[in-house]
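Below is one structure, written out as structure tokens; the observations come after it.
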Amino acid sequence: MSEELANHYRSIYSPSELEEIWRTLEVQIHPFTQVITLEDKVVRRLDEPAKRFLAHKFMSHVMQSVMFVCDGTSTPGGTNNKRWFLGPPKFFTAGGGMVIKVNGGDAFWAFPSEARIQTATVPMPILPPTNSQVRVPRPPNAYILYRKERHTLVKSANPDITNNEISQILGRAWNMESKEVRDHYKEMAEDVKRALLEKHPDYQYRPRRPNEKRKRSRRSTRSRDDANSHSPRNGNIADTSTGDEMEAI
DNA sequence: GAGAATGAAAA
DNA sequence: TTTTCATTCTC
């Protein structure tokens with residue numbers, strides 16, 4: 001990945017040289033490091049691709065876009081005491097400026113008007129999501145596969161039918177199917193699940209709890225009764241018949 | 001986003 | 001035991 005990254009940025013430095021520069025900065029990184037410092041002489045030698053390379057490396061730590069900032073002061077005598085910082089923009093542009101203390105070093109006041117922003121924010125490159133970032137959909141169960149396979153068939157035979165009606169029809173059909181047919185779809189579901197786990201060994205079903213983000217309405221008593229009147233299912237929801245089972249989002 | 005079905009899986 | 005979420009697509 002690193003070499004690939006360095007090649008991608010096409011710096012005047014070789015990939016190994018870029019890695020070497022990064023290693024000198026990497027020592028500053030601890031779990032809570034948000035900003036790192038760079039010596040002016042180092043930064044002056046960097047070309048833009050090299051800066052992007054370093055920014056990219058640091059981004060993978062802070063998981064945010066980062067930018068180079070220079071506090072840009074030179075003493076009257078010409079002594080260069082410029083300091084460079086690399087970190088997320090919020091650390092440099094917070095209203096009224098803010099104190100940044102890097103790894104126990106001197107505090108640095110970064111006023112938006114004073115700190116010279118040397119390079120534009122380096123946006124997070126769009127990289128293919130890692131396996132852990134991919135949202136893996138839940139494997140379908142036997143009925144879902146059965147419904148999926150027959151959905152188009154039912155729809156073409158009854159063009160005006162609604163999806164809810166298709167679900168009702170196929171729900172009844174499913175309950176009337178022979179054991180062989182149901183077993184066939186059960187095996188298919190197991191195959192799909194096996195393939196999913198092979199591709200994503202860490203996959204685990206993680207349903208959100210009712211207080212997380214959105215609540216789904218519980219299956220209404222009436223709809224369940226309707227279904228039961230045609231094809232009873234082993235309902236596992238207590239039939240409270242309160243009529244107020246619909247929950248707001 | 002709800003709804004209509006079923007069922008696996010988590011809490 | 002209860003809830004979510006896989007599928008599909010209309011409202």
Side-chain angles (χ1 to χ4, degrees), chain A residues 1 31-32 59-65 88-90 123-249:
Chain A
M1 168 65 184
F32 303 108
M59 272 189 282
S60 65
H61 169 75
V62 294
M63 296 307 288
Q64 295 177 58
S65 295
K90 65 181 178 186
M124 278 286 242
I126 299 168
L127 298 170
T130 63
N131 221 18
S132 62
Q133 291 172 320
V134 174
R135 187 183 162 277
V136 181
R138 194 178 188 187
N141 64 34
Y143 168 73
I144 293 295
L145 290 175
Y146 176 87
R147 190 201 183 285
K148 186 179 181 182
E149 204 171 276
R150 283 163 169 70
H151 174 266
T152 313
L153 206 68
V154 175
K155 180 73 179 172
S156 56
N158 311 273
D160 295 330
I161 203 168
T162 66
N163 262 296
N164 290 3
E165 287 169 326
I166 293 175
S167 289
Q168 289 176 335
I169 289 167
L170 289 176
R172 285 198 294 272
W174 172 254
N175 285 310
M176 287 163 62
E177 288 291 0
S178 64
K179 184 176 182 303
E180 285 70 30
V181 172
R182 292 164 66 127
D183 282 349
H184 167 69
Y185 285 93
K186 201 168 178 179
E187 279 171 30
M188 273 176 63
E190 281 163 10
D191 286 343
V192 171
K193 188 183 164 192
R194 250 195 303 278
L196 182 146
L197 288 173
E198 214 165 281
K199 194 173 177 187
H200 306 280
D202 297 330
Y203 168 78
Q204 201 186 353
Y205 175 50
R206 294 184 200 282
R208 285 169 295 194
R209 298 315 301 161
N211 58 348
E212 287 180 277
K213 196 172 175 182
R214 90 172 200 271
K215 292 177 179 178
R216 286 177 75 92
S217 60
R218 298 162 70 183
R219 239 164 249 138
S220 76
T221 301
R222 185 192 305 163
S223 63
R224 201 176 332 119
D225 286 350
D226 282 349
N228 288 351
S229 70
H230 300 299
S231 53
R233 67 170 289 200
N234 296 329
N236 55 4
I237 298 171
D239 189 350
T240 57
S241 297
T242 56
D244 60 356
E245 289 182 274
M246 303 300 285
E247 295 174 25
I249 294 168

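Letters go in sequence order (proteins before strands), and every chain restarts at 1.
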Could I get the full list of side chain to side chain donor-acceptor pair (under 3.5 Å) partners for [X], not counting sequence neighbours?
X	result
A/Glu190	none
A/Arg182	none
A/Glu187	none
A/Asp183	A/Lys179

Among B/dA10, C/dA6, B/dG7, which nucleotide sits nearest the side chain of A/Pro207? B/dA10

On DNA chain B, compare the nucleotides closest to A/Leu170 and A/Lys193; which residue's is nearer the 5' end?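 Whichever sits nearer the 5' end wins; that is A/Leu170.
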
Give a yes/no on whether any side-chain N or O of [X] is located under 4.0 angstrom from OP1 or OP2 of [N].
X	N	result
A/Asn164	C/dC9	no
A/Arg135	C/dA6	yes
A/Gln204	B/dA9	no

If you look at every heavy atom in A/Leu170 and A/His151, which pair is closest and at what distance?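 What the structure gives for the nearest pair is CD1-N, 4.2 Å.
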
Please work out which residues in residues 139-154 of chain A have a non-hydrogen atom less than 4.0 Å from an atom of DNA chain C and list them by number. A/Asn141, A/Ile144, A/Arg147, A/Lys148, A/His151

Which atom pairs, one a donor and one an acceptor, fall under 3.5 Å between side chains of residues 140-149 of chain A and the rest of the protein, sequence neighbours left out?
from: A/Asn141; atom 1: OD1; to: A/Tyr143; atom 2: N; distance (Å): 3.1
from: A/Asn141; atom 1: OD1; to: A/Ile144; atom 2: N; distance (Å): 2.8
from: A/Tyr143; atom 1: OH; to: A/Ser167; atom 2: O; distance (Å): 3.3
from: A/Tyr146; atom 1: OH; to: A/Glu177; atom 2: OE2; distance (Å): 2.6
from: A/Arg147; atom 1: NE; to: A/Ser167; atom 2: OG; distance (Å): 3.0
from: A/Arg147; atom 1: NH2; to: A/Asn163; atom 2: O; distance (Å): 3.3
from: A/Arg147; atom 1: NH2; to: A/Asn163; atom 2: OD1; distance (Å): 3.3
from: A/Arg147; atom 1: NH2; to: A/Ser167; atom 2: OG; distance (Å): 3.1
from: A/Glu149; atom 1: OE2; to: A/Tyr185; atom 2: OH; distance (Å): 2.5

